[in-house]
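Here the structure comes first, spelled out in structure tokens, and everything after it is commentary.
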Amino acid sequence: MNDRKEQKQKWWKESIAYQIYPRSFQDSNGDGIGDLRGIIERLDYLQYLGIDLLWLSPVYDSPNDDNGYDIRDYHGILDEYGTMEDMDELIAEAGKRGIRLLMDLVANHTSDEHAWFIESRSAKDSPKRDWYIWRPGKDGKEPTNWECGFGGSAWEYDEQSGEYFLHCFSPKQPDLNWENPEVRRELYAMIDWWMDKGIAGFRVDAITYIKKNPQFPQLEAEPGRDFAPIEKVSLNQEGILDFLREMKREALEPRGAITVAEAPGVPLEQIGDFVDETDGVFTMLFQFNHVDLDIKPGGKAEFVDWDMKKFKDALSLWQQESNRHGWMGLFLENHDHVRSVSKFGNDGPYRDLSAKMLAAYYFLMRGTPFIYQGQEIGMTNCPFDSIHEYRDIGSLNLFRDETAKGRPAEEILGYLGKRSRDHGRTPMQWNGEREAGFTSGTPWIKVNPNYREINVAENMKNEDSVLQFYRRLIALRREHRSLVYGYYDDLCKESKEVGAYQRTYNGERWVVLCNFTGRSVSLQQLTEIPLDGERVLSNYEDRDQNTLRPYEALVFRWRRK
Ligand code: GLC
Ligand code: CA
């Protein structure tokens with residue numbers, strides 16, 4: 001078929017990646033905050049799990065307004081996390097275990113405490129003034145009615161110079177001015193500096209925000225709102241590819257950096273521009289349609305109806321396209337999203353089964369799988385009892401702004417109970433001891449009370465645990481190239497209850513078949529699914545010839561004849 005293309009074999013396509021949110025992974029000194037030494041202590045665990053690529057969310061020096069995504073010094077480590085020596089040791093120790101690192105590259109913005117910004121802010125004629133985006137006000141107000149990602153105006157007034165600076169995220173995260181070649185050169189030098197340390201590359205933060213609409217137009221706000229979301233003028237704007245291609249040419253490609261782009265706002269048609277094997281800018285791409293299908297885009301705390309058919313369609317669209325070009329970073333969770341078993345599975349009686357089913361479903365798709373810390377033991381959303389238990393700036397601001405507009409607190413708490421980024425940020429549950437073995441002190445954010453039941457130690461002991469299921473999936477993917485390079489095709493496309501697809505490669509065929517519900521589904525109705533293959537993996541011990549039981553996942557294989 002001409003809509004598919006054989007792809008080159010690359011080590012990172014065969015990799016299994018793991019994401020650590022350092023603040024919540026392992027505390028080594030009792031201050032309640034995860035740190036680099038804590039990660040070093042847990043490297044053996046990561047090796048046991050079987051991963052070989054490790055994405056670290058930011059550990060750079062930062063005032064932590066947005067938990068490290070506001071960088072004060074790209075070349076320094078935040079004291080709470082340790083020292084640069086610890087970082088070097090982590091890279092070396094990980095390397096000994098066959099694990100390579102991806103640092104978080106936050107290049108859209110810095111902290112307002114970064115030396116560049118301090119200088120930029122110091123005077124209108126500062127040589128670094130143009131390193132950020134400054135504009136005079138209009139009629140005593142903000143230059144435009146753009147709203148930042150964490151609520152409120154995207155412009156912050158600076159008393160001293162009487163001008164405003166732009167921030168897509170918090171006011172403590174001023175956007176760098178990518179139009180200025182000096183800025184770009186500095187960022188490329190920084191990339192180089194980190195590559196010299198021997199890392200494999202980067203997860204590239206918020207990279208689709210770097211280009212702004214040069215007209216700086218006023219936007220149409222929804223009735224009753226003063227502001228309109230900045231995405232319309234800051235996300236994947238015309239001309240962004242010039243910047244991205246330059247970054248590839250000047251910095252990424254010469255160093256052979258592996259990159260996975262956080263790329264909201266990129267339409268399917270553009271997959272090639274971003275990740276085509278020869279012409280694309282990045283090596284892998286994260287798309288977010290499957291995790292954001294429950295909310296109104298650009299809206300504020302508003303849910304929309306969704307079901308598992310939508311989930312499945314959102315994933316398969318990109319899967320199908322990636323037969324031709326592009327390579328996906330596969331994921332269900334990260335530090336910005338809730339726990340997958342709570343959202344897409346069942347975190348009650350079927351927690352164990354549904355966590356395994358979801359694992360099988362996404363892990364064997366085409367792309368490089370990323371596991372988010374705790375996902376591999378089936379961690380769930382956390383019951384936060386009041387707004388005071390939340391820590392995430394986005395959640396806190398949303399609560400403040402929406403209740404100020406008169407929405408009932410319960411409604412916003414209900415929203416946060418299903419959406420807050422803090423669900424993915426509660427401490428890693430290592431064992432059933434105090435604070436789940438995360439810290440000997442008081443954790444910076446509460447530990448999920450279910451840690452006595454859900455933790456790594458229990459999962460390691462139990463042959464049937466979610467963790468062991470992940471280990472089996474990893475082993476399977478490592479053993480069979482067809483699960484890495486095989487083409488993807490949907491099966492049972494119309495079903496709302498069943499998610500199924502096949503992977504084919506060199507005469508070998510695999511079928512992954514999953515029941516998304518807590519009810520049994522008759523197999524007779526699934527006429528497209530061949531069931532005569534070898535059953536290689538399942539989350540049930542035995543097989544039922546007639547039905548797919550609640551949250552059952554089956555993986556079949558047909559060998560080359
Ligand atoms: C990315 C990060 C998120 C952060 C934002 C601003 O989306 O994943 O955690 O808040 O960028 O840097
Ligand atoms: Ca610590």
Side-chain angles (χ1 to χ4, degrees), residues 19-42 55-60 62-72 74 77-83 86 102-112 114 148-151 154 166-176 202-210 230-231 234-235 260-266 286-288 291-292 329 331 333-338 370 372 391-398 419-425 427-428 435 437-445:
Q19 181 194 351
I20 284 184
Y21 195 64
R23 209 169 181 74
S24 304
F25 192 61
Q26 177 69 64
D27 175 22
S28 71
N29 62 353
D31 65 357
I33 297 168
D35 45 52
L36 292 174
R37 299 228 66 82
I39 299 174
I40 294 170
E41 283 170 23
R42 295 296 184 180
W55 156 26
L56 274 198
S57 277
V59 290
Y60 311 96
S62 158
N64 258 333
D65 189 53
D66 184 20
N67 282 0
Y69 283 93
D70 46 322
I71 297 176
R72 187 162 46 201
Y74 288 107
I77 300 292
L78 178 61
D79 289 343
E80 286 172 345
Y81 293 140
T83 62
D86 295 330
L102 297 179
M103 292 297 277
D104 220 305
L105 178 63
V106 186
N108 175 67
H109 46 268
T110 66
S111 163
D112 65 340
H114 193 292
C148 79
F150 296 142
L166 184 74
H167 55 90
C168 287
F169 298 94
S170 113
K172 283 188 68 63
Q173 294 169 298
D175 280 48
L176 284 161
F202 304 91
R203 174 267 187 178
V204 193
D205 184 67
I207 194 64
T208 41
Y209 282 87
I210 59 174
I230 194 168
E231 276 68 23
S234 69
L235 205 54
V260 45
E262 184 193 31
V266 174
F286 287 142
Q287 65 83 22
F288 293 88
V291 285
D292 280 334
F331 75 99
E333 297 178 17
N334 68 28
H335 65 292
D336 293 330
H337 289 274
V338 301
F370 282 69
Y372 179 63
R391 297 287 176 271
D392 163 39
I393 179 177
S395 304
L396 296 173
N397 287 0
L398 186 90
R419 262 312 286 204
S420 171
R421 306 197 292 182
D422 281 338
H423 291 292
R425 299 178 179 186
M428 180 71 179
E435 306 299 0
F438 164 69
T439 179
S440 58
T442 308
W444 71 278
I445 186 171

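Indexing begins at 1, ligand by ligand and atom by atom, following the structure's order.
Using a 30° and 60° split on the angle between ring planes, H335 and Y372 fall in the tilted class, from 30° to 60°.
The angle I33:O - the Ca ion (ligand 2) - N29:OD1 amounts to 150°, with values rounded to 10 degrees.
Both cation-pi conditions hold for R23 and W444: the charged atom is under 6.0 angstrom from the six-membered ring centre and inside a 45 degree cone around its axis.
Between the side chains of E80 and N64, at least one donor N or O lies within less than 3.5 Å of an accepting N or O. Side chains of S170 and D66: a donor-acceptor N/O pair is absent below 3.5 angstrom, by distance only. A side-chain N or O of S57 and one of Y69 form a donor-acceptor pair less than 3.5 Å apart.
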Practice problem: Could you please spell out the steps behind the salt bridge (Lys or Arg N to Asp or Glu O under 4.0 Å) verdict for R391 and D422? | Solution: CA-CA 7 Å; R391 297 287 176 271; D422 281 338; over 6 Å; no

Practice problem: Check the pair R419 / D392 against salt bridge (Lys or Arg N to Asp or Glu O under 4.0 Å), numbers first and verdict last. | Solution: CA-CA 11 Å; R419 262 312 286 204; D392 163 39; over 6 Å; no

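When I207, N334, D205 are ranked by how near their heavy atoms come to atom 1 (C) of ligand 1, first place goes to D205.
Given atom 9 (O) of ligand 1, the protein heavy atom at minimum distance is D336 OD1, 2.7 Å. In this structure, the protein non-hydrogen atom closest to atom 10 (O) of ligand 1 is D66 OD2, 2.5 Å. From the protein, the heavy atom lying nearest to atom 7 (O) of ligand 1 is E262 OE2, 2.8 Å.
The Ca ion (ligand 2) has an N, O or S atom of D31 inside 3.0 Å of it.
Taking the Ca ion (ligand 2) as reference, the nearest N/O/S atom within D35 carries the name OD2. If you look at D27 and ask which of its N, O or S atoms sits nearest the Ca ion (ligand 2), the answer is OD1.
Against a heavy-atom cut-off of under 4.0 Å, F150 is close to the following atoms of ligand 1: 10 (O). Residue-ligand proximity, H109 to ligand 1, at heavy-atom distances under 4.0 Å covers atoms 6 (C), 12 (O). The ligand atoms of ligand 1 that sit less than 4.0 angstrom from a heavy atom of F169 are 5 (C), 6 (C). Of all atoms in ligand 1, listed by their number and element, those nearer than 4.0 Å to a heavy atom of R421 are 3 (C), 4 (C), 9 (O), 10 (O). Close contacts of ligand 1 with R203, meaning ligand atoms under 4.0 Å from a residue heavy atom, involve 2 (C), 8 (O).
Nearest heavy-atom pair, Q26 versus F438, reported as atom, atom and distance to 0.1 Å: NE2-O, 3.0 Å.
D205 places no side-chain N or O within 3.5 Å of a backbone atom of D104 that could act as its donor or acceptor partner.
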